[in-house]
J.: 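Pasting a structure here, questions to come.
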Amino acid sequence: MANKIQTVKGTREFYPEQMALRTFIYGKVRAAAQAFGYQEYDGPFIESIDLYAAKSGEELVKKQSFTFEDRGGDLVTLRPELTPSLARMIAAKQNELTYPVRWWSFGPFWRYEQPQKGRAREFFQWNIDMLGVNSPQADAELVAVAATFLASVGLTPDKATIYVNNRRLMDSEFDKLQIPAERRLEVSNLVDRRSKMDAAKWDANAFEIGLNQVQLDGLKSILSNFELWKESDELTSFFSALEALGVSAYVKYDPNIMRGLLYYTGTVFEAFETSGSLKRAILGGGRYDNLLADVGGQPLSGVGFAMGDVVIGIILQEQGLLPSFNPTPANVLVTLFDGTLLSQAFELCAQLRKAGINTLVYPEPAKLQKQFKFADKMKVKLALVLGPDEAEQGLVVIKNLESGEQVQVKREAVVTEVQKMLS
RNA sequence: GAGCCUGUAGCUCAACGGCAGAGCGCCACACUGUGGAUGUGGAUGUUGUGGGUUCGAAACCCAUCAGGCUCCCCA
């Protein structure tokens, strides 16, 4: 123990069981994205820090990124997010892509943060975006992809909800309150924090950033008005599209959803578990209008969202929504009786594998009892025995480990019999 | 970057200044050609790491590492 080198803070080791969870999430993410016709892509894992310096906040670049000098003296960063890479990739081929672009990705990201439940320094994230269309219907499609994913992992609408708001709507409300443009960011952050602070402290905070009593009262009445969306044509169209897409049960309007990101300009949304130990968002995203211009492209509007593997993984585990773990992809174990039968056992394995049957072999002679215990732990469905008696008669014993029944078949019939018993 | 809580066998935890333990799991045997169940026996360890206080430290103090809760942040 003493001399063991620990894992780097905030990283996780994926033992087969955790790897199965990651693969499960990846499979569901891919299925949801592909159901809507999205193409898979990826960017580099290491980027120049300048890519993020352009648009991402100072906090991110200076404090929350893994940045270091490479051997040539350039500052490089382990990517903390994908959107700037996506924007650059789109901008580089802006005139040859077919629009709308519908792309998705699932890969590793790094952020130098304080690890907690639901937050690691190295994590996997699903990113999915549609670019080249600026419409409430496009926004609705992304929300529908998110809802499709939630449904596919068993998070029904009573367990998870996607909350939606619109930046433009909020801006027009803030205009009515005469909150100056340069205060908007602070107000957004204030709104973001509301559920986490007690009321009196929140009020005090509001005064601190320069709101007066009338503005504070106005802000509170906006934030408690869950019918506000009806005043926005954009959101009205958005909700009717969701209705048609069949996912409106998942989606609720909530004026408290702001999202800290600077680049969101229209619809914003975040999904939360309705009850449970985690108060963190499962996924979040929105519409951004100006991102491409910042990396040298022509203006192009996009909408997308991201989902980390950590929070959804914890929720699926806590809700018991994961399929039972299979220790091995093999369905069959071929036991090894003694050294003299080793070649026959291996030949039998080869036959099975050639027929497409995943097959484990016990790698050394041992008591059958021990081999059957191993088969049990590995949860294989069938165990095959080829001992001296069987070898002499040209037979193989096949035991069904679930029912406990076993049959003797001729060597030539093993493959078809195994296939029959597995089907 | 700040505050607080936790770290003991593979796992969950007990012992809270006086011989480091239990349950589960693991291994062996009963059962030398058949798993899950049962019984019997067995092995667990630098008490996260380093230092200090003390006759004596898993326990108290300091430092450090990791995890968790909160602040911050969530691009």
Side-chain angles (χ1 to χ4, degrees), chain A residues 1-12 15 47 51-65 77 79-87 109-121 123 125 127 185 188-189 192-193 196-198 201 205 258-264 268 270 277-286 288 291 294 304-308 310-311 314 333 335-338 341 362 365-391 397-406 408:
Chain A
M1 219 47 173
N3 293 323
K4 272 191 187 156
I5 294 175
Q6 288 182 315
T7 53
V8 171
K9 182 174 185 165
T11 62
R12 293 164 296 160
Y15 285 80
E47 289 277 14
L51 179 67
Y52 307 101
K55 190 67 183 177
S56 312
E58 203 172 306
E59 174 84 15
L60 162 67
V61 178
K62 286 202 176 144
K63 290 171 72 184
Q64 292 192 291
S65 64
T77 303
R79 63 180 187 183
E81 58 166 333
L82 188 59
T83 310
S85 306
L86 168 65
F109 294 86
W110 295 264
R111 289 182 194 174
Y112 199 84
E113 296 185 289
Q114 204 52 242
Q116 285 172 35
K117 191 178 186 184
R119 185 202 282 163
R121 286 186 173 180
F123 55 95
Q125 198 172 68
N127 283 269
L185 181 60
S188 295
N189 287 337
D192 255 352
R193 237 172 296 151
K196 290 183 189 169
M197 294 173 72
D198 67 63
K201 221 173 162 185
N205 227 300
M258 288 299 289
R259 298 195 51 76
L261 277 178
L262 299 171
Y263 53 62
Y264 290 121
V268 288
E270 274 180 337
S277 66
L278 279 181
K279 286 282 164 280
R280 297 183 186 286
I282 298 171
L283 57 87
Y288 44 89
L291 210 58
D294 294 322
F305 68 84
M307 180 187 80
V310 184
V311 170
I314 292 170
L333 172 78
T335 59
L336 189 55
F337 203 84
D338 61 44
L341 292 163
Y362 206 84
K367 282 187 179 178
L368 271 190
Q369 179 179 222
K370 199 170 170 187
Q371 300 191 43
F372 270 81
K373 275 194 179 175
F374 176 77
D376 199 48
K377 284 198 178 143
M378 288 289 126
K379 292 187 180 165
V380 298
K381 295 186 178 68
L382 304 177
L384 271 52
V385 180
L386 206 177
D389 300 349
E390 289 83 5
V397 167
I398 305 173
K399 178 160 183 176
N400 182 329
L401 291 171
E402 280 156 22
S403 66
E405 288 162 9
Q406 63 179 49
Q408 260 190 344

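Fair warning: this is a prediction, and the values are worked out from it, not measured in the lab. Chain A is the first sequence line, chain B the second, and so forth, proteins listed ahead of strands; every chain is numbered from 1.
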J.: Just how far, in rounded Å, is P of C71(B) from NZ of K117(A)?
T.: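 Those two atoms, NZ and P, are 16 Å apart.
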J.: Starting at CG of L382(A), measure out to CG of L333(A) and round the result to the nearest 0.5 Å.
T.: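 Between atom CG of L382(A) and atom CG of L333(A) there are 10.0 Å.
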J.: Counting only distance, no hydrogens or angles, is the base of U34(B) paired donor-acceptor with the side chain of Q406(A) under 3.5 Å?
T.: yes
J.: How many Å lie between NZ on K9(A) and P on A66(B), as a whole number?
T.: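 After rounding, the reported distance stands at 5 Å.
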J.: Where each residue is assigned the nucleotide of RNA chain B containing its nearest heavy atom, which of G118(A) and F372(A) is assigned the position nearer the 5′ end?
T.: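 Its nearest nucleotide lies further toward 5', so the answer is F372(A).
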J.: Nearest whole Å is fine: how far is U34(B) P from F337(A) CZ?
T.: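 Result: 9 Å.
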J.: Go through the structure and list residues passing ring pair (Phe, Tyr, Trp, His ring centres under 6.0 Å) with F374(A), not counting sequence neighbours.
T.: Y362(A)
J.: Quick one: salt bridge (Lys or Arg N to Asp or Glu O under 4.0 Å) partners of E390(A), sequence neighbours excluded?
T.: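 Expected list: none.
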J.: Given the structure, check if the side chain of E390(A) and the base of G33(B) hold any donor-acceptor pair shorter than 3.5 Å.
T.: yes
J.: 5'-most contact on RNA chain B: Q369(A) or E405(A), nearest heavy atom basis?
T.: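 With Q369(A) and E405(A) compared, the 5'-side residue is Q369(A).
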J.: So what's the dot-bracket for RNA chain B: Watson-Crick or G-U pairs under 3.5 Å, [ ] if a pair crosses, | if it pairs off-strand?
T.: (((((((..((((....[..)))).(((((.......))))).....(((((..]....))))))))))))....
J.: G67(B) C1' sits how many Å from E113(A) CD, rounded?
T.: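 Result: 16 Å.
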J.: Suppose we screen for salt bridge (Lys or Arg N to Asp or Glu O under 4.0 Å). Which residues come up paired with R121(A), at least two apart in sequence or across chains?
T.: none
J.: Name all residues meeting the ring pair (Phe, Tyr, Trp, His ring centres under 6.0 Å) criterion together with F123(A); count only those two or more places apart in sequence or in a different chain, and write none if there are none.
T.: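 Ring pair (Phe, Tyr, Trp, His ring centres under 6.0 Å) list for F123(A), sorted by chain: empty.
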J.: Taking only residues two or more places apart in sequence, or in another chain, which ones meet R12(A) in a salt bridge (Lys or Arg N to Asp or Glu O under 4.0 Å)?
T.: D309(A)
J.: Between C74(B) atom C1' and M307(A) atom CE, what is the distance in whole Å?
T.: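 Atom CE in M307(A) sits about 16 Å away from atom C1' in C74(B).
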